Number of protein chains: 2
Amino acid sequence: MPYQFTDSVPYLLNWVGVRLGERFSLRLASYDITLPMYRVLATLRQHESKMLTELSEMVSVEISTLSRLVGVLVRRDLVTRVRPEDNARIVQIALTEKGAELADELMPIAAMFEKTAIEGLKPEEIKMFKTFLRHIGRNIGSL
Amino acid sequence: MPYQFTDSVPYLLNWVGVRLGERFSLRLASYDITLPMYRVLATLRQHESKMLTELSEMVSVEISTLSRLVGVLVRRDLVTRVRPEDNARIVQIALTEKGAELADELMPIAAMFEKTAIEGLKPEEIKMFKTFLRHIGRNIGSL
DNA sequence: CCACAATGGTTGTCAATGCAAATGTTTCCT
DNA sequence: AGGAAACATTTGCATTGACAACCATTGTGG
């Protein structure tokens, strides 16, 4: 059997990923929040405080882009950006009260969204699916 | 158990997808080809000829962006863009000889790449994984 | 058969992105 | 201690990409 591009894992992954992103962006639009913004808020909601580099790795946004993005989030009073006393080269990003509230409002929507997306898959299938994804994620190092 | 963002399907999907794309882009760089370009070539390799809108849907690239992208591929003599006699509002995109040759050179690399990415998963697991992806893909309509 | 809606594609414009260089900070080595 | 290397972030600049407005063609209902 020949290699079929549109049947390949990277293709399918991208196709589904892009569409999920598009759809969810639409939902976020009414909150005046972009998808990368949401990713930052949601990540911080579960990690308290992260430096820029860590955040960049987690949300898959290029660090210079993220630097600017954090800038707008600070201006909107959704996150804080502080240089710790004991280490002046890093910057800690954390949610403000307002940012935490927004995250708490948005995350249930994301949860519902995901629920609809994986509708029809059995719990153990979802578990497997995530395991496969993480497995591929680990393999990426050897690419 | 609370909803954990970094454990969600959309997050994992994006995380893995972005990284696969980044890595493969690096491979393509030596051919002076970008990832979206590769996607166009590979799609056409398996579909002969597509109109712009269909191509846009398949490669997940916004149509105006794709219009310009096709422009550069035409200039590089990798694809042709013709308005059929019988329907002058559509445009058919097809590979040139040169484009087909390039696709044939690149696709085995992509195949190897994928092989490495899914290393360690059993054939039936890969099959399941793709089934899950397609299933989610179909659900997206109801988002 | 003709106005008008719908479809397919291109172009103008501006915001988002990414790379590279610059800046400041800490760590490491001798 | 002193300077080089490594690290974390920011900024400048050029490219990319998205959205909207637009043009051209085809399809449709009265």
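Just so it is clear: chains get the letters A, B, ... in the order the sequence lines come, proteins before strands, and each one is counted from 1. These values consider heavy atoms only, across backbone and side chains, with no hydrogens, waters or symmetry-generated copies. None of these values were measured; they are calculated from a predicted model.
Under the 6.0 Å cut-off for aromatic ring centres, Tyr38(A) and Phe5(B) qualify, their centroids lying closer than that.
At the heavy-atom level, Thr53(B) lies under 4.0 Å from the strands shown only through sugar-phosphate atoms.
Under 4.0 Å is where a charged nitrogen must lie from a carboxylate oxygen, and between Arg68(A) and Glu62(A) no such pair does.
Out of dC13(D), dG8(C), dG17(D), the shortest distance to the side chain of Arg68(A) is found at dC13(D).
Between Asn87(A) atom CG and dC7(D) atom P there is a gap of 13 Å when expressed in whole angstrom units. Rounded to a whole Å, the CE atom of Met37(B) is 9 Å from the P atom of dG17(D). Counting to the nearest Å, the P atom of dT17(C) and the CG atom of Leu66(A) are 10 Å from each other. Rounded to whole Å, the distance from CD1 on Ile90(B) to C1' on dA24(D) is 14 Å. Between the CD1 atom of Ile63(B) and the P atom of dA20(D) there is a distance of 15 Å, given to the nearest Å. A straight line from CD of Glu85(B) to P of dT26(D) spans 11 Å, rounded to a whole angstrom. Here dA8(D) presents its C1' atom at 11 Å from CD1 of Ile93(A), a figure rounded to the nearest Å. Protein atom CG of Leu69(A) is 14 Å distant from nucleotide atom P of dT9(D), rounded to whole Å.
The phosphate of dT10(D) (OP1 or OP2) has a side-chain N or O of Ser67(A) nearer than 4.0 angstrom. Within the structure, a side-chain polar atom (N or O) of Arg81(A) is placed less than 4.0 Å from OP1 or OP2 of dT10(D).
Residue whose closest nucleotide on DNA chain C sits further toward the 5' end, between Thr34(A) and Asp86(A): Thr34(A).
Taking each heavy atom of Ser56(A) and Val61(A) in turn, the nearest pair found is OG-O, 2.7 Å.
The number of heavy-atom neighbours closer than 6.0 Å to CD of Glu124(B), taken from other residues, nucleotides and ligands shown, is above 12.
The ring pair (Phe, Tyr, Trp, His ring centres under 6.0 Å) search around Phe132(A) returns none, not counting sequence neighbours. Taking Phe113(A) as the reference, Phe24(A) meet the ring pair (Phe, Tyr, Trp, His ring centres under 6.0 Å) condition, with sequence neighbours excluded.
Taking 3.5 Å as the limit, the base of dT7(C) and the side chain of Arg89(B) contain a donor-acceptor pair of atoms between them. Side-chain atoms of Ser64(B) and base atoms of dC19(D) include a donor and an acceptor less than 3.5 Å apart.
Put simply, the side chain of Lys50(A) never gets that close to the backbone of Ile93(A): no donor and acceptor are under 3.5 Å apart.
Each end of the helix from dC1(C)-dG30(D) to dT30(C)-dA1(D) gets its own rotation axis from five pairs of C1' atoms, and the angle between them is 30° to the nearest 10 degrees.
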